[in-house]
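A quick note: this is a predicted structure, and the numbers were derived from the prediction, not measured. In what follows, chains are A, B, ... by sequence order, proteins preceding strands, each numbered from 1. Computed over heavy atoms, backbone and side chain alike; hydrogens, waters and symmetry mates excluded.
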Amino acid sequence: MAHAEAYKDPGTPQEQSRRTFMAQATIALGGVIGISLAIPLITSVVPSADASNQQWSPLTPDEVSMLKKATDNTPVKVTFDVHETNGYFGASDEEQFVWAVRATDAQMEKARPELFNGPDKLAYPVVNMGFTVFSPLCPHLGCRYSYNEAQKLFLCPCHGSQYNILGVHEAGPALRGLDPLPLRDYQGKVQVSWILYQANTPAHVVIQVG
Amino acid sequence: MLTWLDQRTGIVTATKDFLTEDVPGGASYWYAFGSATLFAMILQIATGIFLCFYYAPSTSTAWESTKYIIEKVPAGHFVLSLHYWGASAMIALMAMHLLQVLLWGAYKKPRELQWIVGVLLFVVTLVLGLTGYLLPWDLNALLASTVAIRIAGNAPILGPAVLHLLQDGDGITTLTINRFFGIHVWLMPAALVGLVAAHLSIFRWNGPAGPPIDEAPKLKPGRFWPEQMFMDTALSFGIFVLIVALSTFSPVPLDDKADPNNSTFVPYPAWYFIALYALVDIVGSLPAWMVQAASLFATIIGPTLLIVLLVALPFIDRNPSRRLSRRPWVLGLTALTMVAAIGLSWYGQNNVVQGQLAHNLIGPGAAAASSAVGGQTTATSTAAVQTATAASGSGGGAPAGGSAAGATVYGSNCAGCHGATGQGQPGIFPPLDGNPVVTGDKKAVIGIVNNGLNGKIEVKGASYSGQMPAWKGTLTDKQIADVITYIRSAWTNKGDAVTEAEVKAAVK
């Protein structure tokens, strides 16, 4: 099959040195092509770092009155718009929600001391304007949980984690309670900040802000 | 003509070379699992290419184009279903092939590299299954993939970087679909084809290993063509018939479009990941101090160790004998792993069904949740199939005289738990059909529907512990009257109608 007459004669020293050069040059040229391609290709798949800065999403007057309906034994789902970027579709207002409960600092500190003292102390007040708002994402693996009125518990559909109304972890595989989000009354306007925390860790590790 | 072609291309010679091979001990169906896996791969590539003609990856087109394939493209639903069942077949056949090589000790010297390439093929195939799961962009796709991405993000050290790389940014966006699409249709298939080529050429270099006896090389050889080739084709044909039958009678479901704000949908993993899902669940019931370590082990470290162990197996198990009786450790561990995987899958499957039933209970979400369960017609669970029929609103056992409006209310709010034919769920939700309370005192029935019911109850000698939500406020008085009229007269029940006024009176 192979016609390899040419390899039978080892050739002159000159030819041999010429071949050595050509073999090495072939590898070098191929390497240059490979590296020149790899750099832009790898650069393109590594996501550019999004600017992570505190962004506050305002609640409309209707949404504020929704928030104020929350009591200490009935949480309320408060929807609001978050300005989000969806790849090549650009930025738009996407509907988002948080769970609001009425609570005092003393109640919260008693139920969830780890948020007030120690290494996992949150950098923002847990209770604001008499309310705590929880991120709608289960701190286990990020599914959206819902509230069961009969059991007075927040239940996650994915792996069965349960939390009481103050967000205390009651059952299931989650490693921490529900994540309170920053809420503030800023110059008469109520605002919520969206923070995404690392899933399935006992401590709050920020992944994304705004 | 053939001679003319062969002189110019060598194709006939090459084909003859390819088909001329000794099969130790003669042809056998035991040797056909590898080629059946190869057949499933070819089927996946062929159907996948056709799906690419219509599918468009983005948040505003992925679900829509999948729906278009299902509803508008001629034979589109069939081709999509072939791809869906073909994936299951490929993974099942590959698992059997792997298991057989493991049992027969065919990974031993000199076939270590062929085995390692095979393990890599298995990993690539699982990645294909995982990335393909997101592409339809329905509720299940989004939630199951969210969990998968979050698990990857939980890995020690590399986790956050992997999370960002997989999602292409901070969150799951349209770019994530493109990324999964790129991985699913180009990166992994390219790796697959390359690895298969390596797997096969190494196979030809070493020749087949033969049965698990130490005298295998001395066995009288049989012919690959046409004897073994016929058996390979016969098995592939059987598999093909099975895939076609499944695609025809149980076509792939599409749930509602992915909605990040939906908080009642209960996602279900693909069957080949259900064992892992069950592990995650079991971890949750461990004592608190060990949950974090156990969770990390169940989701990341355990599966990684298993792959590493498989790759390293030929170097750990250096005993040259392939006799089954001389390899108790490998065989015992394999059997143990298989029993664990099957047990966990069983537990996980029950768990998914229980979760779906429990979450239908949450009042306002019940309609959405039961339609979601309706998507799971492929699950082997009869409970899911029953809810599926119920969610369509037709209610299998609806009598001609029943209230049509009530039947609709029942189908979308009640059937999730009490069943399409009012049969209930043993131990959890009481039956309504033939239940004396349902056809008895109207005020009692109205009270239960209005205010819900907690705690254990007894119906016809059996006890039930599920929770009934309060429907007052979620349903109108008219809807409550309709649905009570319906359940009192549906199936074998023969009770009289309840009016809106009676419901109103009870509310006060």
Would you please test B:Val147 and A:Cys143 for side-chain contact (heavy atoms from CB on, under 4.5 Å) and show each step?
CA-CA 7 Å; B:Val147 171; A:Cys143 296; 3.6 Å; yes
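- In this structure, A:Glu170 has no salt bridge (Lys or Arg N to Asp or Glu O under 4.0 Å) partners at least two apart in sequence or on a different chain.
- Contacts of B:Pro260 with chain A are made by both backbone and side-chain atoms, with heavy-atom separations under 4.5 Å.
- Between A:Arg144 and B:Phe265, the closest side-chain pair of non-hydrogen atoms is not below 4.5 Å.
- Within 6.0 Å of CD1 in B:Ile11 there are 12 or fewer heavy atoms belonging to other residues, nucleotides or ligands.
- With a threshold of 4.5 angstrom between heavy atoms, A:Glu94 does not approach chain B through any atom at all.
- Among all heavy-atom pairs drawn from B:Val266 and A:Pro157, the shortest one is CG1-O, 3.6 Å.
- In this structure, A:Leu141 and B:Arg150 approach most closely via the heavy-atom pair O-CG, 3.4 Å.
- For A:Gln198, the parts lying under 4.5 angstrom from a heavy atom of chain B are both the backbone and the side chain.
- The candidate with the highest count of non-hydrogen atom pairs below 4.5 Å against chain B, out of A:Ala171, A:Ser161, A:Gly160, A:Ala199, is A:Ala199.
- Around the NZ atom of A:Lys121, the shell of radius 6.0 Å holds no more than 12 heavy atoms that belong to other residues, nucleotides or ligands.
- Residue contact with chain B, scored on non-hydrogen atoms closer than 4.5 Å, involves the backbone of A:Thr85 exclusively.
- Using a 4.5 Å cut-off between heavy atoms, B:Thr13 does not touch chain A at all.
- A:His159 NE2 to B:Leu279 CG: the interatomic distance, rounded to the nearest 0.5 Å, is 11.0 Å.
- The closest side-chain heavy-atom distance from B:Pro160 to A:Ile207 is not below 4.5 Å.
- Considering every non-hydrogen atom in both B:Thr174 and A:Gly87, the closest pair reads CG2-CA, 3.9 Å.
- Contact annotation for B:Ser60: both backbone and side-chain heavy atoms come within less than 4.5 Å of a heavy atom of chain A.
- A donor-acceptor distance shorter than 3.5 angstrom exists from the side chain of B:Arg179 to the backbone of A:Val45, with no hydrogens or angles considered.
- Taking chain A as the reference chain and counting heavy-atom pairs below 4.5 Å, the highest number among B:Thr146, B:Val283, B:Leu165 is found for B:Leu165.
- In this structure, the portion of B:Asn178 lying under 4.5 Å from any heavy atom of chain A is its side chain and not its backbone.
- Atom-to-atom distance recorded for B:Asp281:CG and A:Cys158:SG is 11.5 Å, nearest 0.5 angstrom.
- A 6.0 Å sphere centred on OH of A:Tyr124 holds more than 12 heavy atoms belonging to other residues, nucleotides or ligands.
- Within 6.0 Å of CG on A:Leu41 lie more than 12 heavy atoms contributed by other residues, nucleotides or ligands.
- The CG atom of A:Asn200 sits 3.5 Å away from atom OG of B:Ser295, with the distance rounded to the nearest 0.5 Å.
- Contacts between A:His169 and chain B at a heavy-atom distance below 4.5 Å are absent for every atom of the residue.
- Smallest separation of non-hydrogen atoms from A:Phe89 and B:Ser58: CZ-OG, 3.7 Å.
- The environment of A:Tyr88 atom OH is dense: over 12 non-hydrogen atoms of other residues, nucleotides or ligands sit within 6.0 angstrom.
- Under a cut-off of 6.0 angstrom, the local environment of NZ in A:Lys77 is crowded, with over 12 non-hydrogen atoms contributed by other residues, nucleotides or ligands.
- Looking at B:Leu163, only its side chain comes within 4.5 Å of chain A, counting heavy atoms on both sides.
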